[in-house]
Amino acid sequence: MSYADAYASWQADPEAFWGAAAEQIDWFTPADKVFDPDMGVYGRWFAGATCNTCWNCVDRHVEAGQGDRKALVYDSPVTDTAQTFSFAELQAEVGALASVMRAHGVGKGDRVVIYMPMVPQAVFAMLACARLGAIHSVVFGGFAPHELATRINDAEPKMIISASCGIEPGRVIHYKPLLDAAIEEATTKPEHCLILQRDLELAELIPGRDLDYAALVGAAKDAGETTECVPVEATDPLYILYTSGTTGQPKGVVRDNGGHMVALKWTMEHHYGLTPGEVFWAASDVGWVVGHSYICYGPLLHGCATVVYEGKPVGTPDAGAFWRVIQDHEVAALFTAPTAFRAIKKEDPKGQLIGQYDLSKFRALFLAGERSDPATIQWAEEKLQRPVIDHWWQTETGWAMSGNPVGLGQFPVKYGSPGKPMPGYDIQVLDDEGHEVPPGTLGNIVCKLPLPPSGFPTLWNAPERFLTSYMNEFPGHYATSDAGIIDEDGYVFIMARTDDIINVAGHRLSTGAMEEVIGAHPDIAECAVVGAADALKGQMPLGFYVTNDGADRVSSELENELVALMREQIGAVAAFKTAIPVKRLPKTRSGKVLRGTMQKIADSVEFKMPAAIDDPAILDEISDALKGRGLLK
Ligand code: COA
Ligand code: AMP
């Protein structure tokens with residue numbers, strides 16, 4: 001079947017299409033209906049079915065006689081470790097952990113926050129939650145205590161699973177003090193924290209609250225303890241993943257069990273072209289949606305091995321790290337963010353290190369998380385001599401909305417485009433009034449409802465925000481907040497966000513949240529943060545601020561304070577390094593800050609003078625401030 005046939009067959013009968021895909025999943029009881037249009041905001045997939053995601057990722061393969069097959073590879077250049085777990089070993093680890101969690105009160109529907117570095121126990125923890133029917137919420141390790149506290153307050157976890165430390169090149173991240181600070185700040189306290197003590201650092205455990213992961217899980221494993229896979233409704237939540245919204249309060253994207261499994265299993269075969277038994281590597285982090293879908297769930301659902309990589313594309317130890325991992329673990333497909341390739345290309349522009357490794361098992365490279373610039377794709381194609389596939393997706397969907405399915409026979413690549421809509425997605429481009437625009441015209445990218453399986457049914461604790469953020473602007477459609485075009489051949493092009501989200505090294509960040517941090521400084525009257533183009537990270541945050549009258553501050557000192565505040569409040573991942581003083585911010589006559597225009601000035605891109613601008617002279621002041629810092633010629 002070709003891509004065109006698959007898309008046409010989905011269009012002709014979506015329920016038959018997803019009903020057939022669902023046959024690849026083990027259900028305890030089948031669905032009453034493949035799709036129930038009367039459930040939820042826009043309908044729900046596989047209503048009435050019961051299932052267990054951990055069963056389908058782990059136990060099912062053991063039952064089928066594949067217990068000895070490789071399931072998870074841990075490769076950690078920062079600790080000089082490589083370790084492999086078979087499906088049977090994975091089952092023992094996850095079963096024992098689930099039994100420890102259950103013994104400490106975690107059951108179906110309870111929330112568990114996971115704040116871990118890239119170690120196999122992070123994946124075990126996700127699967128153990130799935131096994132118990134508990135709902136995990138993984139928080140990226142690069143977030144600061146305040147961000148963690150916000151998520152703890154919203155998710156109200158019964159347990160938090162964490163580690164004593166994480167390792168970034170050149171420094172140890174002391175997770176435990178960060179966790180303690182977050183719990184101190186949070187208004188909701190977990191009953192227990194299960195802490196993985198790592199060799200590099202032993203954390204102090206708080207008696208009564210903190211539990212030693214290795215001791216308890218080790219004892220449970222030795223005693224052969226496990227739990228059964230608890231049946232849950234297909235429509236029950238598997239996880240909550242918080243993602244940046246337009247304010248400091250992140251949005252808790254809810255993912256269900258049934259639809260998620262069906263969609264991911266379909267993608268493993270058809271989009272990524274993998275066969276069970278092969279090795280799939282998503283070089284991301286379990287804290288992001290890519291990590292959820294393709295470090296943890298997708299490969300395992302398909303009976304593939306997954307790679308948990310605790311390292312970077314460069315510096316651990318060099319720009320050959322990815323090729324070394326591909327060789328050592330016989331990786332068939334790699335999925336990462338373009339920024340990783342820009343980093344490799346910068347250090348090894350001729351790709352000389354590639355030739356030093358055996359990449360004979362490696363078939364294709366997949367890129368997502370941010371716009372892939374054509375130069376990076378072309379470089380990767382030329383150096384790797386393999387297909388390089390850009391695909392576009394969001395935390396909200398859990399899998400690609402557009403792409404180029406290798407498993408269905410790839411269609412020609414158009415550089416700058418993340419392919420064509422995937423089956424399940426009726427993608428349209430609308431003007432601000434909601435009218436469809438002609439091919440090749442820039443507009444708001446929306447997806448006609450219903451979203452396909454795995455699409456988020458709501459936001460945790462925020463059903464109203466779900467409607468106002470995504471559903472109300474273009475009735476009958478999901479608003480992606482991306483702007484772009486669909487050309488006459490049906491290729492999608494993603495050009496920019498329509499909200500204040502920026503994308504830094506493939507990490508989704510809210511400039512609104514950053515402005516809240518700067519605005520809280522006692523010397524700041526007002527501020528604006530924009531995403532300025534960056535050759536390596538795609539975008540970098542750039543802050544402008546106006547001080548309070550009478551605040552006589554040396555700007556370099558104030559900048560240092562703001563940078564430190566951002567690391568403390570949001571985390572190092574914000575990559576906030578620059579804050580520039582200005583006399584005034586450019587605004588419309590109604591007082592709206594002209595962030596888009598400021599961004600264009602910073603990027604030296606031509607712009608039209610906004611008609612409603614209050615005082616055009618302020619734009620020159622912005623240019624002068626940037627020139628003063630050497631950021632503009
Ligand atoms: N825990 C704690 N801190 C973390 C972290 C984690 N899990 N991940 C990143 N950080 C820190 C970094 O150490 C860095 O701190 P610094 O400012 O003190 O140097 C900061 O957060 C910014 O990180 P990042 O933007 O990732 O920059 P970097 O210079 O460390 O690395 C790349 C740059 C390109 C190598 C890296 O971003 C990368 O590999 N990106 C591509 C893959 C990816 O993860 N994409 C995400 C979704 S698919
Ligand atoms: P996240 O939810 O963190 O996955 O971020 C989603 C956002 O990243 C999207 O809304 C896009 O703005 C951007 N994005 C993801 N993949 C791509 C891609 N292939 N091309 C362009 N932008 C992308």
message: Can you confirm whether K414 is buried at NZ, in the sense that more than 12 heavy atoms of other residues, nucleotides or ligands lie under 6.0 Å from that atom?
response: yes
task: Could you give me the CA-CA distance, side-chain angles and deciding distance for Q428 and F474, then say whether side chain to side chain contact (heavy atoms under 4.5 Å, CB included) is met?
output: CA-CA 11 Å; Q428 302 174 358; F474 302 105; over 6 Å; no
Can you find a pair of side-chain heavy atoms, one from [X] and one from [Y], that are under 4.5 Å apart?
{"X": "L367", "Y": "T336", "value": "yes"}
{"X": "D5", "Y": "S2", "value": "yes"}
{"X": "I344", "Y": "W379", "value": "yes"}
{"X": "I25", "Y": "F46", "value": "no"}
{"X": "P541", "Y": "V504", "value": "yes"}
{"X": "M126", "Y": "V138", "value": "yes"}
{"X": "Y294", "Y": "S284", "value": "no"}
{"X": "I501", "Y": "S481", "value": "no"}

field: Audit row: I524, L562, side chain to side chain contact (heavy atoms under 4.5 Å, CB included) steps and yes/no
entry: CA-CA 10 Å; I524 303 293; L562 294 174; 4.2 Å; yes
If I take atom [atom1] from residue [X] and atom [atom2] from residue [Y], how far apart are they, to the nearest 0.5 angstrom?
{"X": "L594", "Y": "Q599", "atom1": "CG", "atom2": "CD", "result": "12.5 Å"}
{"X": "I580", "Y": "L631", "atom1": "CD1", "atom2": "CG", "result": "5.0 Å"}
{"X": "L301", "Y": "E269", "atom1": "CG", "atom2": "CD", "result": "13.0 Å"}
{"X": "L148", "Y": "S137", "atom1": "CG", "atom2": "OG", "result": "9.5 Å"}
{"X": "D482", "Y": "I494", "atom1": "CG", "atom2": "CD1", "result": "5.0 Å"}
{"X": "I570", "Y": "M514", "atom1": "CD1", "atom2": "CE", "result": "5.5 Å"}

Give me the atom names and distance for the closest heavy-atom approach of [X] to [Y].
{"X": "A602", "Y": "L632", "result": "O-CD1, 3.9 Å"}
{"X": "L365", "Y": "A380", "result": "CD2-CB, 3.9 Å"}
{"X": "L241", "Y": "G287", "result": "CD1-O, 3.6 Å"}
{"X": "A574", "Y": "M566", "result": "CB-CG, 4.2 Å"}

task: Evaluate side chain to side chain contact (heavy atoms under 4.5 Å, CB included) for Y3 paired with M422, printing each intermediate quantity in order.
output: CA-CA 8 Å; Y3 158 78; M422 287 295 99; 4.1 Å; yes
- line: Applying side-chain contact (heavy atoms from CB on, under 4.5 Å) to S402 and not counting sequence neighbours gives W392, P418, V492
Under 3.5 Å, side chain of [X] to main-chain N/O of [Y], donor-acceptor pair present?
{"X": "T468", "Y": "R465", "value": "yes"}
{"X": "T339", "Y": "L536", "value": "yes"}
{"X": "R589", "Y": "I613", "value": "yes"}
{"X": "H271", "Y": "N404", "value": "yes"}
{"X": "T150", "Y": "H146", "value": "yes"}
{"X": "D603", "Y": "A533", "value": "yes"}
{"X": "R342", "Y": "A535", "value": "yes"}
{"X": "D500", "Y": "G512", "value": "yes"}
{"X": "Q394", "Y": "T480", "value": "yes"}
{"X": "N503", "Y": "G369", "value": "yes"}

- request: Please list all pairs passing the salt bridge (Lys or Arg N to Asp or Glu O under 4.0 Å) test where one or both residues lie in residues 415-444, with sequence neighbours left out.
  value: none
Throw together a table of side-chain donor-acceptor distances under 3.5 angstrom for residues 248-256, partners on residues two or more places apart or in other chains.
from, atom 1, to, atom 2, distance (Å)
K251, NZ, Y470, OH, 3.1
R255, NE, Y239, OH, 2.8
R255, NH1, E396, O, 3.2
R255, NH1, S454, O, 2.6
R255, NH2, Y239, OH, 3.3
R255, NH2, T395, O, 2.4
D256, OD1, G259, N, 3.4
D256, OD1, H260, N, 3.2

- prompt: What residue pairs, at least two apart or across chains, pass side-chain hydrogen bond (donor to acceptor under 3.5 Å, both in side chains) with a residue in residues 531-542?
  reply: none
task: Establish, yes or no, whether a centroid distance under 6.0 Å links the rings of Y478 and Y425.
output: no
- request: Over 60° means perpendicular and under 30° means parallel, so classify the ring planes of F366 and Y272, tilted if in between.
  value: perpendicular
field: Parallel, tilted or perpendicular: rings of W18 and W399 (30°, 60°)
entry: perpendicular
task: Validate the cation-pi geometry between R151 and F143: distance from NZ or CZ to the six-membered ring centre under 6.0 Å, angle to the ring axis within 45°.
output: yes
message: Test side chain to side chain contact (heavy atoms under 4.5 Å, CB included) on C296 and V286; report intermediate values, then the result.
response: CA-CA 8 Å; C296 183; V286 284; 5.5 Å; no
message: Could you tell me if R508 and T243 have a donor-acceptor pair between their side chains, going purely by distance under 3.5 Å?
response: yes
Which pairs would a plain distance check flag for residues 34-44, meaning a side-chain donor or acceptor within less than 3.5 Å of a matching protein atom at least two apart in sequence or in another chain?
from, atom 1, to, atom 2, distance (Å)
D36, OD1, D38, N, 2.9
Y42, OH, G455, O, 3.4
Y42, OH, F456, O, 2.9
R44, NH2, T235, O, 2.9

message: Under the ring pair (Phe, Tyr, Trp, His ring centres under 6.0 Å) definition, can you give me all pairs with a residue in residues 498-520, not counting sequence neighbours?
response: F140-H507, W288-H507
